[in-house]
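As structure tokens, the structure follows; a few thoughts come after it.
In what follows, chains carry the letters A, B, and so on, assigned in the order in which the sequence lines appear, proteins first and then strands, with residues in each chain numbered from 1. No experiment lies behind these values; they were computed from the predicted model shown.
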Amino acid sequence: MATDEQKSTWRTKVGFAEQLKGGVIMDVVTPEHAVIAQEAGAAAVMALERVPADIRRDGGVARMSDPKLIKGIMAAVTIPVMAKARIGHFVEAQILEALGVDFVDESEVLTPADECFHIDKHKFKVPFVCGCRDLGEALRRIGEGAAMIRTKGEAGSGNVVEAVRHMRTVLAGVRKIVSLPEEELMTEAKNLGAPYELVVELHRTGKLPVPNFSAGGIATPADAALMRQLGAEAVFVGSGIFKSGDPKRRAKAIVAATTYFDKPDILAEISEDLGEPMVGIDIKTLSEQELLATRGW
Amino acid sequence: MQGDFERHIQRMVELGAEAFPARLPADIDDADGLIIPGGESTTIGKLITQYGVDDAILRAHQAGKPIYGTCAGMIVLAKEISVGSEEKGGQRKLGLLDIRVARNAFGRQVDSFETMIDIPAITGNDGPPIHAVFIRAPIVESAGPAVNVLGRHAGNIVCVRQGTILGSSFHPELTTDDRVHRYFLSMIAER
């Protein structure tokens, strides 16, 4: 019998990210939240101790969640469960892999553990997602082994402006590379700080080699649809759901908005009567030290 | 709706077919055949009930249009889900494929794998095996008398056909092997 299996290949990692396209990945802090997310139609959940808005409020060092909490959430739902490790903290990632989480987010929302180096993600069986603000950062993370990219936005802000900026910046970078003559690709790779091979591949295929999702500041169905129309292939919603007045309804509406992102009549219908959204923050009122998106190198 | 629809569309276009994403009943009414992709079966199951896509799929089936479900898509087509449908209210099942499936039967993502599978109905008796990618994949635990088992992996049923319905636990759209899609196109052409 032919049972020659190759586990945890690059194809299975990116292939899994492909399955999440068109979906919503929701931050949850309890098994009860996870069940609400699943009922609402989330494609996956992100298991956390605190949503980014609370991390921002509480200050201090934000770390990987307690394994007991993550296991409780994994036991509560059948959809995939993701969890966050600090930038560069490969031991937190090893622990998350040992727990059997489906995706590790090497995330700027947590306090970085290494101010020079990210995790060598090729070494792991579990796939990784990483944040980015521009194309260079996206290609560096992919070069390190990220099987999915998400634009960072500004997590826990309830303000979509940074998510828009980062998505537009990444896609402008892609369009530029596609338009360049081949002899200019090396210098462009140098300017971006990106691996040359990935720049060449992008030039050839016209798109990033892994799915490109959006995160950070999505609070309404319209925000989710905006990011999808701008080119995000799926969305992460953090504080926006469980910091709102009626999480169940809002979660369901954001799922529908992510699917019907280009149908304004449906968006109008599902945006109705959702209760209070989370209170947002004007990014300009945040000091440089309070910005999460600037973490990562 | 939600899931890996782009890769299927890309493959179908490469094979010279006209393909488009279907999210509303009218899209399905316009098509000659339907692929329900991999993704999250709970998510797809909920979205199809929202605007009547479930009824449109049943209509398409009654009209004799071939339907192919990969991974989550096969789960949505199944008559019975034995494991992993504990969520409240259950999961929307179309019940068109007389099989019982176990979700995530090979384990979590770290257990996802790729392998080669013999499917003579698709490759012919002499053709090389199909390159198959399994991602948090389901297993067909049992199949009714009208179901043809086309392929197995390690003894488990992973590819089935019942009349105009094709189902696979694995993702042919993630490989460069286009024979499963060609086979499905031939099912549409036979109509």
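With ring centers used as reference points, Phe124(A) lies 6.0 Å or more from Phe90(A).
Heavy atoms of Arg108(B) lying under 4.5 Å from chain A belong to its backbone as well as its side chain. Using a 4.5 Å cut-off between heavy atoms, Tyr260(A) contacts chain B through both its backbone and its side chain. Residue Asp111(B) touches chain A through both its backbone and its side chain, counting heavy-atom pairs closer than 4.5 Å. Residue Ser41(B): no heavy atom, backbone or side chain, is found under 4.5 Å from chain A. Looking at Arg7(B), only its side chain comes within 4.5 Å of chain A, counting heavy atoms on both sides. Both the backbone and the side chain of Val110(B) come within contact range of chain A, each with at least one heavy atom under 4.5 Å from a heavy atom of that chain. For Gln50(B), the part lying under 4.5 angstrom from a heavy atom of chain A is the side chain only.
Interface summary for chain A: among Arg136(B), Met1(B), His171(B), the most heavy-atom pairs under 4.5 angstrom belong to Arg136(B). Counting heavy-atom pairs closer than 4.5 Å to chain B, the top-ranked of the candidates Val126(A), Ile79(A), Val101(A), Val77(A) is Ile79(A). Among Ile44(B), Leu47(B), Val133(B), Ile117(B), the residue with the largest count of heavy-atom pairs under 4.5 Å with chain A is Leu47(B). Ranking Ala42(A), Pro80(A), Ala40(A) against chain B, the residue ahead of the rest is Pro80(A), based on heavy-atom pairs under 4.5 Å.
With contacts defined as side-chain heavy-atom distances shorter than 4.5 Å, the pair Thr151(A)/Cys132(A) qualifies.
Using a distance-only test at 3.5 Å, with no hydrogens or angles considered, a donor-acceptor pair links the side chain of Ser169(B) to the main chain of Pro138(B).
Ion pairing between Asp177(B) and Arg179(B) holds under the 4.0 Å rule for side-chain N and carboxylate O. Between Glu40(B) and Arg103(B) a salt bridge is recorded (basic side-chain N to carboxylate O distance below 4.0 Å). One finds no salt bridge joining Glu173(B) and Arg11(B) here, because no Lys/Arg side-chain nitrogen approaches an Asp/Glu carboxylate oxygen to under 4.0 Å.
Interface with chain B: from residues 20-31 of chain A, residues Leu20(A), Lys21(A), Gly22(A), Gly23(A) qualify, criterion being any non-hydrogen pair under 4.5 Å.
Taking the six-membered ring where tryptophan is involved, the planes of Phe134(B) and Phe113(B) are essentially parallel, since the angle between them stays under 30° and well short of 60°. Using a 30° and 60° split on the angle between ring planes, Tyr68(B) and His8(B) fall in the perpendicular class, above 60°.
Other residues, nucleotides and ligands contribute only 12 or fewer heavy atoms inside 6.0 Å of the NZ atom of Lys252(A). Atom CD of Glu190(B) has more than 12 heavy atoms from other residues, nucleotides or ligands within 6.0 Å.
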Working for side-chain hydrogen bond (donor to acceptor under 3.5 Å, both in side chains), residues Glu233(A) and Asn212(A) = CA-CA 6 Å; Glu233(A) 295 171 309; Asn212(A) 178 24; 5.8 Å; no
